[in-house]
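Remarks on the structure that follows.
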Amino acid sequence: MQKSKIDVILGIQWGDEGKGKIVDVLAPRYDIIARFQGGPNAGHTIKFGGATHVLHTIPSGIFHEGKVNVIGNGVLVDACIFCREIAELRQAGVEPRRRMKISDKAHLILPTHRMLDAALEQRKGARKIGSTVKGIGPAYTDKTARCGLRMGDIFSTDFTRKYRELKEEHLSQLAHYGFDAESALIDQMPWQEYEKQWLAGIEELRGFEVVSTEFYLDEAMRQGKKILAEGAQGTLLDVDFGSYPFVTSSSTVTAGVCVGLGVPPSAIGKVYGIFKAYCTRVGSGPFPTELDDETGETLRRNGHEFGATTGRSRRTGWLDLPALRYTLMVNGITDLVMMKADVMDDFPVLKVAESYRMDGKRVENYPDTETAENVEPVYVEMPGWQRPLSGIRDYAALPAAFKAYVEYIGKNTGLDIKMISVGPDREETIMNA
Ligand code: IMP
């Protein structure tokens with residue numbers, strides 16, 4: 001039997017595109033859903049049956065009976081946040097233990113990583129990244145510095161010593177930064193209390209199946225099983241290709257699937273690029289099409305653009321085609337999926353940036369961070385559809401002005417939009433292929 005391929009779902013803007021919903025919609029077509037990077041900085045929202053669920057570390061296929069959810073080696077696990085997610089799933093009637101495998105090579109976020117994240121942000125002052133302060137940067141730093149703790153370590157008889165040594169190292173770094181660790185809070189509780197919950201979380205994690213998931217995935221591909229890799233954050237937050245340093249610390253691009261799951265490049269199949277019909281960004285960094293006006297406020301209000309992880313209000317702006325073309329290029333996107341166009345149902349006119357201008361010259365390509373802070377978008381105006389999209393399930397029934405918007409994006413990116421989401425519920429999805 002020929003080995004099966006792994007399809008990939010990626011956010012191709014600055015995160016929060018709605019990947020969780022699309023993973024959930026596509027999950028019935030797959031046997032295995034695998035997260036390959038990021039950690040609890042993600043907030044994947046899924047709505048069905050009148051309930052809303054937000055996942056941070058756990059793959060979005062968890063609500064589907066019979067699917068295996070894999071937390072790959074590229075993911076970071078905070079034992080405390082993980083356990084909160086587990087408790088919420090159990091409350092919703094899902095027993096995650098039977099449906100999940102965790103890589104023994106996934107790194108742990110320690111409570112002191114979270115304090116280090118806060119301390120480093122504080123030191124950056126006005127140039128702060130706007131991190132979610134979930135410890136992502138410091139935990140990936142320890143991973144590459146080769147001093148991190150991994151899931152496999154929690155079974156070692158030496159775990160307590162390893163944990164204590166790394167914690168002490170972090171506390172001395174914090175003292176060096178002048179950070180008052182003694183009275184620090186994590187998630188509104190004294191960090192010592194957080195540490196207790198974290199250690200209880202480690203105990204809970206010991207009851208999960210922790211294995212070398214690369215072997216499991218290889219065997220699954222040999223058996224022809226269908227695998228979906230679920231990205232977190234977005235390409236414009238990628239540690240290499242995002243607007244560095246205003247990025248996250250992992251590879252959010254297609255190549256990240258290979259290192260984050262231990263699969264070869266030849267195993268990659270379809271790559272779904274998820275984008276919103278407009279743009280949002282949380283945290284600092286350039287955002288060429290940002291709107292600081294009433295229209296931006298309307299996008300935020302209609303689109304409920306407040307972070308699922310931090311509750312922070314998201315910056316909003318028009319769709320940015322140079323940015324989109326860049327992300328299609330670095331990821332090899334095969335299928336586009338457009339989200340949240342319904343947020344603009346009432347708009348009489350829409351704008352799309354089709355290129356940028358700087359010093360009187362046209363800038364076609366997505367620029368480096370400093371240039372991106374100074375370019376001026378060149379907009380194309382399009383008439384709005386001024387009709388609610390959310391009840392529509394069939395592409396043919398969509399308003400002509402909306403179809404013109406979809407086709408314009410297709411023409412300017414060279415890719416057809418294969419799926420259109422017109423509301424948060426699973427059902428509010430139009431297949432266009
Ligand atoms: P960190 O990954 O928490 O260190 O945050 C780095 C940057 O990425 C900040 O601008 C965050 O707001 C942003 N970020 C991290 N995770 C997400 C996400 O899941 N959605 C949107 N933005 C995110």
Side-chain angles (χ1 to χ4, degrees), residues 9-23 35-46 54-60 74-78 81 85 107 109-110 113-124 126-144 186-187 230-253 256 260 274-276 278-287 290 300 303-317 323 327 339-340 369 372-373:
I9 284 201
L10 297 176
I12 52 173
Q13 292 161 322
W14 285 280
D16 308 315
E17 296 90 353
K19 297 173 289 290
K21 164 175 168 170
I22 298 303
V23 174
R35 277 275 307 265
F36 61 92
Q37 48 70 230
N41 48 348
H44 293 172
T45 306
I46 299 171
V54 182
L55 298 166
H56 299 286
T57 322
I58 294 172
S60 303
V75 178
L76 298 177
V77 180
D78 177 325
I81 297 178
E85 284 185 74
H107 277 246
I109 299 177
L110 273 56
H113 280 134
R114 295 199 56 182
M115 293 201 278
L116 278 168
D117 213 358
L120 291 165
E121 278 286 81
Q122 230 172 55
R123 279 164 71 83
K124 289 196 176 95
R127 293 295 283 176
K128 71 171 198 245
I129 292 162
S131 159
T132 59
V133 206
K134 300 291 177 199
I136 303 296
Y140 276 125
T141 301
D142 277 355
K143 173 177 176 172
T144 42
I186 303 180
D187 292 350
E230 173 183 12
Q233 292 83 48
T235 300
L236 298 170
L237 290 172
D238 179 82
V239 66
D240 287 280
F241 302 106
S243 40
Y244 193 89
F246 305 106
V247 292
T248 191
S249 301
S250 64
S251 293
T252 60
V253 293
I274 319 296
F275 72 102
K276 275 191 240 198
Y278 51 95
C279 286
T280 63
R281 175 167 200 164
V282 207
S284 323
F287 185 175
E290 183 166 16
R300 184 156 36 248
H304 309 290
E305 296 296 356
F306 300 92
T309 297
T310 58
R312 288 182 293 174
S313 116
R314 296 180 185 143
R315 300 156 68 192
T316 53
T327 59
M339 312 298 291
K340 293 185 93 164
T369 305
E373 271 163 356

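In this chain, residues are counted from 1 in sequence order. Counting convention: from 1, in listed order, for ligands and their atoms alike.
- Of all the heavy atoms of Val247, the ones lying under 4.0 Å from any atom of ligand 1 belong exclusively to the backbone.
- Residue Thr248 has at least one heavy-atom neighbour below 4.0 Å for each of these atoms of ligand 1: 1 (P), 2 (O), 6 (C).
- Among all non-hydrogen protein atoms, the one lying nearest atom 20 (N) of ligand 1 is Asp16 OD1, 3.0 Å.
- Contacts with ligand 1 closer than 4.0 Å are made by backbone heavy atoms (N, CA, C, O) of Trp14 only, the side chain lying farther away.
- Looking only at heavy atoms of the protein, atom 5 (O) of ligand 1 is closest to Ser131 CA, 3.5 Å.
- Within the 4.5 Å cutoff, the side chain of Ser313 has heavy atoms near those of the Arg300 side chain.
- Polar contact check, Gly130 against ligand 1: a nitrogen or oxygen pair lies under 3.5 Å apart.
- No part of Arg281 comes within 4.0 Å of ligand 1, judged by heavy-atom distances.
- Within the 4.0 Å heavy-atom criterion, both parts of Val282, backbone and side chain, lie near ligand 1.
- Defined by atom type and a distance below 3.5 Å, a donor-acceptor pair is present between the side-chain atoms of Tyr278 and Glu305.
- Between the side chains of Thr280 and Asp16, no donor-acceptor pair is found at a separation under 3.5 Å.
- When only modelled atom types and interatomic distance are considered, His113 and Asp142 share a side-chain donor-acceptor pair under 3.5 Å.
- When the heavy-atom distances from atom 16 (N) of ligand 1 to Arg315, Arg312, Gln233, His56 are ranked, the shortest goes to Gln233.
- Looking at Thr57 and Glu85, their side chains do bring a donor and an acceptor atom within 3.5 Å of each other.
- Taking every heavy atom of Thr132 and a limit of under 4.0 angstrom, the matching atoms of ligand 1 come to 1 (P), 3 (O), 5 (O), 15 (C).
- Contact atoms of ligand 1 toward Leu237: 8 (O), 13 (C), 14 (N), 22 (N), 23 (C) (distance under 4.0 Å to a heavy atom of the residue).
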